[in-house]
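Read the numbers this way: they start at 1 and go in the same order the structure lists the ligands and their atoms. Atom set for the values below is all heavy atoms of this structure, side chains included, hydrogens, waters and symmetry mates excluded.
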Amino acid sequence: MIRKNLIRLTSELPSDVELVAVSKFHPVERLMEAYRAGQRVFGESRPQELAAKVPQMPADVRWHFIGHLQTNKLKQVLPYASLVQSVDSVRLLEAIDRWGSVNGRVIDVLLELHLGAEDTKQGFPEEEVMAVVEAPRWPHVRLRGLMGMATNTEDAAVVEADFARIETLFHRVRRTFPECAGTFTELSIGMSGDWPLAVRHGATMVRIGTEIFGPREYF
Ligand SMILES: *Cc1c(COP(=O)(O)O)cnc(C)c1O
C-alpha cells in the first residue's frame, strides 16, 4: 500500500519537486516500508517523536522538522533535522542560532509564513519575513526559503489564494535580495489534499502524509 502510494505520487510529481513523507503519528514499521520503497526524506512534527524515531531508522534518512518548535525542545530536534521548516518567530531564530553557535553547526531553516484564516496558525507576516531576510543577524542559521499551510477548507479558490500569496512573497524576497537568492531556494507548500495546486504555484517541496501512509494513528 505505502509502496504503491509512493510510486503513484513520485510519478505524478515533477521530478524537481522534493517529496517529504510526513510520518508523524505513524510507527517506525510503516516508515521502514516507505524507506524500502526508496523514500529518504521524512517529516516529523513532535520533538520527542522525532528523537525516538531517529535511532530506529537507517542513517541515510533526512529528517525535516515541520511542527511548532519550542525553544526548550531544540536539543531533541536540531541534532537530527537537516531542515527545520517551521520557524515562526525571531525568538526561535535567536535560540537556534545560539544552539548552532554552541554546537558548531549552521542550521538550515524555512521561515513559516502566516497563511490562512485560522487564528491559531503560527507564522510570520509578510513584512516580518522581508525584515528578517533583509538584515539577518544569525550566523548559525541559513535561511533556505518559505513554508506555508493553506487554509483548511474545501474551497479551492481560498487555498489557491493562499498559495498565490506565498509564491508572490517568495519571488519578492529573491528579487529584492539577490545576494541571498542562491540559498533562498525552497518553497514548501502543498499537503495531501492540495499538492497539485501547490505545484502549479511553484512548490519546490511538498509535505505529504495521509496520501502515503493513510490516516494517522497514535502509538
Ligand atoms: C501533518 C502535516 C502535513 C501532512 O498532512 P497530510 O494532510 O497528512 O498530507 C503537512 N504539513 C504539516 C506542517 C503538517 O503538520
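Of the heavy atoms in K24, only side-chain atoms (C-beta onward) come closer than 4.0 Å to ligand 1. With a 4.0 Å heavy-atom cut-off, ligand 1 is reached by the side chain of M149 but not by its N, CA, C or O.
Between the Q39 side chain and the V41 main chain, a donor and an acceptor come within less than 3.5 Å of each other. Looking only at distances, a side-chain donor or acceptor of R105 sits under 3.5 Å from a matching main-chain atom of L78. Of the possible polar contacts, one joining the R207 side chain to the S188 backbone as a donor-acceptor pair under 3.5 Å is found. In terms of modelled atom types and a separation under 3.5 Å, the side chain of T168 and the main chain of A164 share a donor-acceptor contact.
Annotation: ring-ring contact (aromatic ring centres under 6.0 Å, His included) contacts of F213 (sequence neighbours excluded): H26.
Ligand 1 has no N or O atom lying under 3.5 Å from any N or O atom of S45, backbone or side chain. The distance criterion of under 3.5 Å between nitrogen or oxygen atoms is met by S192 with respect to ligand 1. For a threshold of 3.5 Å applied to N or O pairs, the pair formed by I66 and ligand 1 contains no separation below that value.
Between M1 atom CE and L6 atom CG the span is 11.0 Å, to the nearest 0.5 Å.
The protein heavy-atom contact nearest to atom 11 (N) of ligand 1 is R207 NE, 2.8 Å. At the shortest separation from atom 8 (O) of ligand 1 among protein heavy atoms lies T210 OG1, 2.5 Å.
Scanning all heavy atoms of the two residues, the minimum distance from I189 to A198 falls at O-CB, 3.4 Å.
Residue nearest to atom 5 (O) of ligand 1, selected from H64, E44, M191: M191 (by heavy-atom distance).
With ligand atoms numbered from 1 in the order given, ligand 1 contributes 4 (C), 6 (P), 8 (O), 9 (O) to contacts under 4.0 Å with heavy atoms of G209. Using a 4.0 Å cut-off to heavy atoms of I208, the atoms of ligand 1 that qualify are 9 (O).
In this structure, R30 fails the cation-pi test against F25, since its NZ or CZ atom is not both closer than 6.0 Å to the six-membered ring centre and inside 45 degrees of the ring normal.
In this structure, Q85 falls outside the shell of residues with a heavy atom less than 4.0 angstrom from ligand 1.
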